[in-house]
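Since the structure comes first, as structure tokens, the remarks are kept for the end.
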Amino acid sequence: MRPAAEQLDLLRRGIDAITPEAEFVKKLEASARTGTPLRVKYGIDPTGIDVHLGHTVPLRKLRQFQDLGHTAVIIIGDYTALVGDPSGRSDHRAGLTKEQVEANARDYLAQVGKIVDLSRAEVRHNGDWFSRWTFLDVLDLTRRMTIGQVSAREDFALRLKSEKPVYLSECLYPLMQGWDSVEIRADVELGGTEQLFNLLVARDLQQDEGQPPQVAMTMPILVGTDGKQRMGKSLGNYIGVSEPPETQFGKVMSIPDEPMRQYFTLLTDLPMAEIDAMLAPGVNPRDAKEVLGKTIVSQYHGPEAAEAAAAAFRRRAAGEDPEEIPEVPVPRDQFDADGRITMPRLIVALKLDSSTSNARRVIEQGGVTIGPDRTPVTDPKAPIAVPDGLIVRVGKRKIARVRRS
RNA sequence: GGGUGGUUACCCAAGCGGUCAAAGGGGCCAGACUGUAAAUCUGGUGGCACUGCCUUCGCAGGUUCGAAUCCUGCACCACCCA
């Protein structure tokens with residue numbers, strides 16, 4: 001195991017705060033001295049199925065702990081998911097059913113495995129203990145915190161003030177999450193900055209149970225591809241770890257310039273000096289973004305796929321057709337007696353658009369071309385003869401080859 | 001249990017008897033430009049056999065020549081009082 005100071009240096013990258021930092025240093029030192037791994041907890045609620053780059057920020061940190069010889073403990077919050085985490089929410093989140101939660105949990109782990117080494121990690125479900133609780137146990141837990149403590153939280157206070165509902169079950173959430181730490185005897189817990197309150201509740205509970213309290217390590221919230229709001233599925237500004245390489249790469253290229261530093265710091269292992277050099281004034285941000293895109297994509301799809309995605313992107317930016325043009329069968333009955341068809345119908349048949357109305361509009365805006373010489377299509381009503389193998393382009397990104405069948 | 005306000009297109013949100021397929025913003029799509037699927041600007045954004053037709057304003061009825069707009073009932077949401 002590496003010396004504590006060295007570990008601390010590595011672990012500090014990209015974090016927001018360590019609370020309390022002095023305690024963390026002591027834990028690290030004791031761990032290095034005795035060769036005892038720290039137990040590092042990260043909890044996720046299986047509420048959706050897409051793990052995105054925002055989730056990977058703490059997950060990558062967890063992996064970093066693993067690589068330094070510590071023990072990763074992943075909590076699948078199958079019971080907390082039934083409540084819904086109120087953190088950072090301006091309205092309450094509906095709880096899920098048990099069936100949904102179980103299916104989601106499986107999906108989640110498959111995706112988390114791309115970042116964390118699951119063969120070396122402990123995976124626990126908090127239903128393992130909560131499902132056995134009696135109402136008395138619940139009551140006992142609720143005695144550990146006051147309404148005042150709960151309502152002091154900014155997210156709750158805001159909701160109370162704006163007359164939005166705050167459910168009693170939501171107040172239980174931090175206590176449940178905290179109890180997880182007691183069950184697994186956590187030394188460190190990772191989470192986003194908005195998790196600080198929840199992470200600190202565990203400290204009190206652990207102390208009550210005679211355990212050394214955990215240290216809270218909070219990570220910045222990754223901003224989404226819009227460069228404004230936090231990355232999130234519901235906001236549609238996310239990059240999913242399971243998305244295809246081209247999509248991931250394209251989405252990275254579409255982020256504004258400002259969040260690039262954050263992305264580099266939190267999502268790559270490139271040395272900070274190298275990052276600074278790329279983001280220096282006078283350097284074309286597009287080139288830095290390309291490095292960023294390739295680095296991120298190769299984490300999930302490998303370096304070859306990342307290169308290919310970058311090449312495909314460049315080709316498209318240069319206005320060239322992609323290497324592989326998908327062939328789409330168009331049934332005979334779509335054509336009239338003379339073997340012709342109007343352009344909107346062809347576009348829908350090729351699945352390049354979902355409605356003829358919309359296809360018509362795109363044509364009227366000059367967004368549709370056909371054939372190798374890119375002849376623009378201007379009249380949405382005129383039937384045209386369609387030779388087998390005709391290439392149809394809609395906008396900059398959608399393309400297909402007609403396969404008459 | 002009582003009261004009040006609300007439910008409009010992908011989202012937010014105007015409209016309160018006809019000129020409403022329904023203002024505005026966001027998002028999304030297309031075009032121009034470029035440093036890229038950044039930024040900026042322009043146009044578009046229910047469907048279709050498209051100068052017309054059909055379906056949409058929580059649900060079901062009703063009044064009217066005519067309803068997103070008025071009436072009745074129902075459902076759901078929020079807040080206030082208890």
Side-chain angles (χ1 to χ4, degrees), chain A residues 89-94 158-167 223-229 231-240 243-264 278-294 296-297 309-322 333-337 340-349 351-370 374 376-383 392-399:
Chain A
R89 293 241 144 205
S90 55
D91 48 35
H92 84 280
R93 179 149 68 185
L158 227 63
R159 269 155 64 178
L160 287 169
K161 204 171 161 191
S162 62
E163 307 192 314
K164 291 246 176 67
V166 174
Y167 289 88
V223 71
T225 53
D226 57 3
K228 290 177 201 135
Q229 290 181 279
M231 184 174 284
K233 188 177 184 178
S234 52
L235 295 170
N237 61 356
Y238 73 105
I239 303 176
E243 290 188 294
E246 298 76 32
T247 309
Q248 291 184 337
F249 189 84
K251 284 186 177 180
V252 172
M253 291 304 278
S254 80
I255 65 167
D257 297 345
E258 300 75 51
M260 274 205 287
R261 175 174 299 277
Q262 190 193 37
Y263 273 54
F264 269 119
M278 274 191 291
L279 298 179
V283 184
N284 191 333
R286 189 198 44 179
D287 298 333
K289 227 174 270 183
E290 195 177 298
V291 172
L292 180 65
K294 280 198 263 192
I296 290 173
V297 173
F313 187 88
R314 270 196 299 271
R315 207 163 23 238
R316 189 165 45 233
E320 296 167 29
D321 290 336
D333 60 17
Q334 292 290 311
F335 300 94
D336 65 19
R340 304 194 300 175
I341 187 172
T342 59
M343 212 50 209
R345 299 194 67 162
L346 181 62
I347 288 169
V348 171
K351 299 186 170 58
L352 296 175
D353 209 324
S354 56
S355 76
T356 57
S357 300
N358 205 43
R360 155 185 298 268
R361 287 180 209 116
V362 176
I363 291 166
E364 279 162 359
Q365 292 178 123
V368 176
T369 66
I370 54 172
R374 295 166 181 262
V377 176
T378 50
D379 185 355
K381 275 190 283 186
V392 178
R393 296 178 204 77
V394 177
K396 281 179 202 140
R397 283 178 267 161
K398 285 171 285 185
I399 185 165

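Quick note: numbers below take in every heavy atom, side chains included, and nothing from hydrogens, waters or symmetry partners. Chain naming here is simple, since letters A, B, ... match the order of the sequence lines and numbering starts at 1 in each.
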Tell me whether A/Arg345 at atom CZ has more than 12 heavy atoms from other residues, nucleotides or ligands lying less than 6.0 Å away. no
Rounded to whole Å, the CG-P distance (A/Asp353 to B/C28) equals 16 Å
Of the listed B/C50, B/G44, B/G35, the closest approach to the A/Asp257 side chain comes from B/G35
Worksheet item: Salt bridge between A/Arg374 and A/Asp321, side-chain N to carboxylate O under 4.0 Å?
Response: yes
If pairing means Watson-Crick or G-U wobble with both distances under 3.5 Å, then the partner of B/C10 is B/G26
Rounded to whole Å, the CD1-C1' distance (A/Ile363 to B/G44) equals 14 Å
### Message
Please report the distance separating the P of B/C71 from the corresponding atom of B/G25, rounded so that it comes out in whole Å.
### Response
32 Å
Of the listed B/A37, B/A30, B/C50, the closest approach to the A/Lys398 side chain comes from B/A30
Separation of B/G26 atom P from A/Asn237 atom CG, nearest Å, is 17 Å
Integer angstrom distance from the C1' of B/A13 to that of B/A60 | 27 Å
A/Arg360 atom CZ is separated from B/G47 atom P, nearest whole Å, by 12 Å
If pairing means Watson-Crick or G-U wobble with both distances under 3.5 Å, then the partner of B/C20 is none
Nearest-Å distance once atom P is located in both B/G24 and B/U56: 24 Å
Does B/C29 have its OP1 or OP2 closer than 4.0 Å to a side-chain nitrogen or oxygen of A/Arg397?
yes
- prompt: Counting just side-chain N and O atoms, does A/Arg314 come under 4.0 Å of either OP1 or OP2 of B/G35?
  reply: no
Checklist entry - NA contact type, A/Pro285, heavy-atom cut-off 4.0 Å: base, sugar-phosphate, or nothing? => result base
Next item on the list: Describe the nucleic acid contact of A/Glu246 in one word from base, sugar-phosphate, nothing, applying a heavy-atom distance below 4.0 Å.
Entry: base
**Prompt:** Expressed in whole Å, how much space separates the P atoms belonging to B/G31 and B/A38?
**Reply:** 12 Å
- Item | P gap between B/C16 and B/A23, integer Å | 14 Å
Testing B/G47, B/G27, B/A38 for proximity to the side chain of A/Arg361, the answer is B/G47
Determine whether A/Ile255 and A/Leu292 make a side-chain contact, defined as any pair of heavy atoms from C-beta on separated by less than 4.5 Å. yes
Is A/Ser355 near enough to B/C48 that one of its side-chain N or O atoms lies under 4.0 angstrom from OP1 or OP2?
yes
Paired to B/C41 by Watson-Crick or G-U wobble criteria (both distances under 3.5 Å) is B/G31
Looking only at atom C1', what distance separates B/U8 and B/C20, rounded to whole Å?
12 Å
Separation of B/G35 atom P from A/Leu279 atom CG, nearest Å, is 19 Å
Rounded to whole Å, NZ of A/Lys289 lies from P of B/A38 at a distance of 9 Å
Mate of B/U51 across any strand shown (Watson-Crick or G-U wobble, both atom pairs under 3.5 Å) is none
Nearest heavy-atom approach of A/Pro383 to A/Asp336 is CB-OD2, 4.4 Å
Closest of B/A38, B/G27, B/G43 to the A/Gln365 side chain is B/G43
| Side chain of A/Gln248, backbone of A/Gly293: donor and acceptor closer than 3.5 Å? | no
To the nearest angstrom, the CG-C1' distance between A/Asp379 and B/U51 comes to 14 Å
Answer for the Watson-Crick or wobble partner of B/G73, both distances under 3.5 Å, is B/C59
Paired to B/U4 by Watson-Crick or G-U wobble criteria (both distances under 3.5 Å) is B/A78
By the Watson-Crick or G-U definition, both distances under 3.5 Å, B/A68 is matched with none
Hey, does the side-chain of A/Asp287 have a donor or acceptor N/O within less than 3.5 Å of a partner on the base of B/G35?
no
Considering only heavy side-chain atoms of A/Phe313, the closest of B/C29, B/A37, B/A49 is B/A37
### Message
It should be established whether A/Thr356 places a side-chain nitrogen or oxygen under 4.0 Å from OP1 or OP2 of nucleotide B/A49.
### Response
yes
- In whole Å, what separates the P atom of B/C74 from that of B/C81? 26 Å
Closest non-hydrogen contact found for A/Phe249 with A/Val297 is N-CG2, 3.7 Å
Which is true for A/Gly250 with a 4.0 Å heavy-atom rule: it touches a base, it touches only sugar-phosphate, or it touches nothing?
base
Between A/Val348 and A/Ile255, the residue closer to the 5' end of RNA chain B by nearest nucleotide is A/Ile255
Of B/C29, B/A37, B/G35, the nucleotide closest to the side chain of A/Asn284 is B/G35
Quote, to the nearest angstrom, the C1' distance that separates B/G18 from B/A67. 9 Å
Smallest heavy-atom separation, A/Ile363 atom then A/Val368 atom, equals CG1-CG2, 3.7 Å
Between the CE atom in A/Met260 and the CG atom in A/Asp257, the distance rounded to the nearest 0.5 Å is 4.5 Å
A/Lys251 atom NZ is separated from B/C28 atom P, nearest whole Å, by 11 Å
